[in-house]
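Structure first, commentary second.
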Amino acid sequence: MATVPALLTPTGSAPAALATDGRFGDYGGRFVPEALVPACEEVERAFTDAWADPRFRRDLDRLLAVHAGRPTALTPAWRLSAELGVTVLLKREDLAHTGSHKINNVLGQALLARRMGRGRLLAETGAGQHGVATATAAALLGLRATVYMGERDIERQALNVYRMEVLGAEVVPVRTGSRTLKDATSEALRAWVSCADEAHYCLGSVMGPHPYPTMVREFQRVIGDEARAQCARELPTAVPDHVVACVGGGSNAAGTFAGFLGTGARLVGVEAAGGAAITHGRPGTLHGFRSYVLQDEHGQVGEAHSVAAGLDYPGVGPEHAHLADTGRVHYTTVGDDEVLAAVHRLARTEGIICALESAHAVAWVLRAATSGELPRGCTVLVTLSGRGDKDIATLMAARDGAGDVR
Ligand SMILES: *Cc1c(COP(=O)(O)O)cnc(C)c1O
């Protein structure tokens with residue numbers, strides 16, 4: 001019988017250990033119930049150990065290559081660039097397996113779960129991309145997956161719910177609060193308390209208690225590292241003048257920025273106008289970490305409302321809060337109408353239907369090129385965090401003028 005080469009491999013030299021206390025200026029930390037402290041500490045130890053282990057790195061790199069399809073392309077947006085008078089380069093996370101950057105983080109955490117001897121993954125999901133990625137990684141590595149999803153998101157992202165079920169995951173509807181990502185995250189954290197010895201909580205963005213914001217950024221750094229090397233080959237200046245990414249929890253942006261923080265590039269994070277924790281929020285604590293949070297005058301956590309389900313989160317990763325305070329990254333917002341227009345513009349100029357989330361970054365480029373904030377002749381790297389297949393029903397509803405397409 002022919003043998004299939006082993007999926008995972010052995011040995012090499014050690015990468016530098018990652019020392020962090022999980023604080024980003026005034027933000028981050030680990031604000032969890034007593035019962036979850038040991039579980040978080042165990043994830044921290046396991047991740048620190050794994051990240052310094054060349055075998056773990058090699059196994060992850062291999063899965064990213066042979067399963068997820070990395071490296072993803074860097075595509076010059078030829079016709080859009082000509083129309084705008086600026087050079088636009090697209091980092092194509094929409095081409096990663098399962099259709100978004102989420103798979104980068106999930107393959108890392110699924111490998112970690114195996115290393116910790118956990119047989120099950122718990123996850124929260126909003127638009128369903130993280131749930132689909134988690135169900136995928138679980139199938140690949142022979143783990144079980146339970147995905148918590150708000151009832152409202154289950155209705156508007158039916159395609160992704162069914163994808164998860166086909167992949168063998170259990171989808172648990174969350175009926176509390178706004179029945180979206182915030183509530184699904186609370187429920188997943190609650191569930192973890194009762195099964196932390198057999199399940200790993202596979203969190204989907206750079207948020208939550210330490211070590212998640214750091215760990216997820218490290219798993220997503222592959223976006224920025226690849227893009228940096230690709231820009232060096234593509235651009236005479238090697239580094240683009242501007243680097244733009246959309247910000248929900250902030251993982252695709254954190255991964256992208258990680259590759260460019262040490263350069264002179266101007267970094268821009270684009271929030272949804274209806275879910276802009278940095279632009280409209282105040283410091284507060286949510287889901288185990290301190291950061292900017294949308295809240296009312298009594299400190300009640302507010303609700304986010306965006307056409308993009310993946311950006312419907314009232315908080316933002318703590319590192320972004322710090323990067324906003326220090327001014328290293330400029331954060332701004334775009335509205336639903338600009339986002340819908342951006343999806344269509346990119347589709348018709350470049351033949352790419354991007355996710356509504358990603359279209360926030362594109363929308364900012366369109367606006368900034370028109371206003372002169374992006375001078376003629378400059379170069380802009382835009383991370384396309386995902387593909388738009390999941391959003392086709394929303395686009396159709398918007399075309400047909402349905403009142404609430406959110
Ligand atoms: C989940 C998701 C986002 C938002 O999450 P971040 O952690 O901010 O990256 C953005 N785009 C797509 C396609 C997503 O699936």
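Residues: numbered from 1 along the sequence shown. Note that the structure is predicted; figures quoted are calculated from it, not measured. Whatever order the structure lists ligands and atoms in, that order sets their numbers, starting from 1. When reading the values below, keep in mind they use all heavy atoms of this one structure, side chains included, and skip hydrogens, waters and symmetry mates.
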With ring centroids as reference points, do F219 and W51 lie under 6.0 angstrom apart?
-> yes
List the atom pairs, donor and acceptor, that lie under 3.5 Å between side-chain atoms in residues 257-270 and the rest of the protein, sequence neighbours left out.
unit_1 : atom_1 : unit_2 : atom_2 : d
T263   : OG1    : F260   : O      : 2.8
T263   : OG1    : A265   : N      : 3.1
R266   : NH2    : E373   : OE2    : 3.1

At a heavy-atom distance under 4.0 Å, which protein residues reach ligand 1? Sort them by chain and number, would you?
-> S100, H101, K102, Q129, S205, C246, V247, G248, G249, G250, S251, N252, G310, L311, A355, E357, S385, G386
Are the side chain of E93 and the backbone of I223 linked by a donor-acceptor contact shorter than 3.5 Å?
-> no
Decide if the gap between the ring center of Y292 and the ring center of Y27 is smaller than 6.0 angstrom.
-> yes
Just say parallel, tilted or perpendicular for the rings of Y331 and H320, cut-offs at 30° and 60°.
-> perpendicular
Taking the six-membered ring for Trp and the single ring otherwise, decide whether the centroids of F47 and F56 are under 6.0 Å apart.
-> no
